[in-house]
Amino acid sequence: VSIAVAIATAWGSHLYMEKERRDGIASMRQLAEAQARVAAAKRERDDLKASAEIFDDLVSRGILHEESRLDFFERLERLKARHRILGREFEISAQRPLPLGGGRVFNAVDVLGSRVKLKVLALHEGDALAFLQDLARPEKGFNPISRCALKKVEMAATPTSPRIEADCALEWITLKAKGGGRAN
């Protein structure tokens, strides 16, 4: 009887130990899965925080707004007066979806661009360059100049006639919410 009880106790202990080992493995697996979920949640939180910072930067730079051609015209007039530009002509094409490098797309917003062709007449190169520099860095929005050519104008009849002509093209970039409303 003692041997049978010892064998039963040993067998029971063995079964109990196997159950504990299986429970331990299951617990380790559950712990690893929980740690993976926590790590994924932390990554998502960090991504959302970075996205919020980018969004705030875009809002502060004025890129998330409707295109206002009147505001652009008034800005050109202010820059013309500030930099003593003698003449300017411009043409703004229709707003269109702007293709991004690598075919990248955004889920919440459409990136739109309007091509602006601009011709500026100035007395000095410095005036034309300062005008273009201010034009490329607006208080609100984003206007990268894609090409610009400065050339000397034929000798003018008067000392105050234009001597420099800048022929430039730039993109007027705005973002719009996918639903058709404003992004901000």
Side-chain angles (χ1 to χ4, degrees), residues 45-184:
R45 178 198 64 200
D46 293 343
D47 288 347
L48 288 173
K49 188 176 181 181
S51 294
E53 289 170 1
I54 291 169
F55 181 81
D56 290 342
D57 181 50
L58 292 175
V59 168
S60 70
R61 291 176 56 196
I63 293 175
L64 294 172
H65 69 284
E66 296 292 323
E67 183 178 271
S68 171
R69 293 178 182 228
L70 178 61
D71 290 346
F72 188 78
F73 175 76
E74 290 172 349
R75 184 166 159 252
L76 283 177
E77 287 298 309
R78 285 191 307 272
L79 291 175
K80 178 182 173 190
R82 180 184 313 152
H83 297 291
R84 297 180 305 267
I85 298 300
L86 301 176
R88 59 120 188 89
E89 298 174 15
F90 68 95
E91 176 185 323
I92 304 173
S93 65
Q95 194 176 51
R96 73 203 184 291
L98 194 63
L100 300 176
R104 189 168 183 197
V105 294
F106 296 102
N107 294 331
V109 295
D110 288 320
V111 180
L112 304 172
S114 295
R115 173 68 61 147
V116 178
K117 293 180 181 176
L118 178 71
K119 188 179 283 190
V120 175
L121 298 171
L123 187 59
H124 301 288
E125 299 91 357
D127 295 335
L129 292 172
F131 174 87
L132 294 170
Q133 184 176 11
D134 282 353
L135 183 63
R137 285 192 241 142
E139 293 174 19
K140 295 201 175 274
F142 187 56
N143 305 125
I145 295 178
S146 55
R147 71 162 185 80
C148 200
L150 264 66
K151 68 179 181 180
K152 207 171 194 182
V153 177
E154 295 297 321
M155 204 50 165
T158 66
T160 59
S161 295
R163 295 195 173 120
I164 298 296
E165 178 181 284
D167 190 12
C168 303
L170 62 98
E171 286 295 332
W172 183 5
I173 298 174
T174 55
L175 302 178
K176 198 178 269 189
K178 289 265 189 198
R182 289 177 46 162
N184 55 345

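Along the sequence shown, the residues carry numbers beginning at 1.
One distance of note links CZ of Phe90 with CZ of Arg69; it measures 9.5 Å at 0.5 Å rounding. Put simply, NZ on Lys80 and CG on Leu86 are 8.5 Å apart, with the number rounded to the nearest 0.5 Å. Expressed to the nearest 0.5 Å, how far CG of Leu170 lies from CD1 of Ile92 amounts to 9.0 Å. How far CZ of Phe131 is from CG of Leu121: 10.5 Å, rounded to the nearest 0.5 Å.
Listed for the Arg75 side chain is a donor-acceptor partner under 3.5 Å among the backbone atoms of Leu135. Listed for the Ser93 side chain is a donor-acceptor partner under 3.5 Å among the backbone atoms of Arg115.
Residues Gln95 and Thr174 form a side-chain contact, since some pair of their non-hydrogen atoms from C-beta on lies under 4.5 Å apart. Side-chain contact between Asp167 and Lys117 is absent, with no heavy-atom pair separated by less than 4.5 Å. When side chains are defined from C-beta on, Leu150 counts as touching Cys148, because their heavy atoms get closer than 4.5 Å. You'll find the side chain of Val120 stays beyond 4.5 Å of the side chain of Cys168, heavy atoms only.
Contacts of Asp134 classified as side-chain hydrogen bond (donor to acceptor under 3.5 Å, both in side chains), with partners at least two apart in sequence or in another chain: Arg82, His83. In this structure, the salt bridge (charged side-chain N to carboxylate O under 4.0 Å, His left out) partners of Arg96, at least two apart in sequence or on a different chain, are Glu171.
Remark: Lys119 does not engage Glu89 in a salt bridge, criterion side-chain N to carboxylate O under 4.0 Å.
Summarising the local packing, CZ of Arg137 is surrounded by 12 or fewer heavy atoms from other residues, nucleotides or ligands at distances under 6.0 Å.
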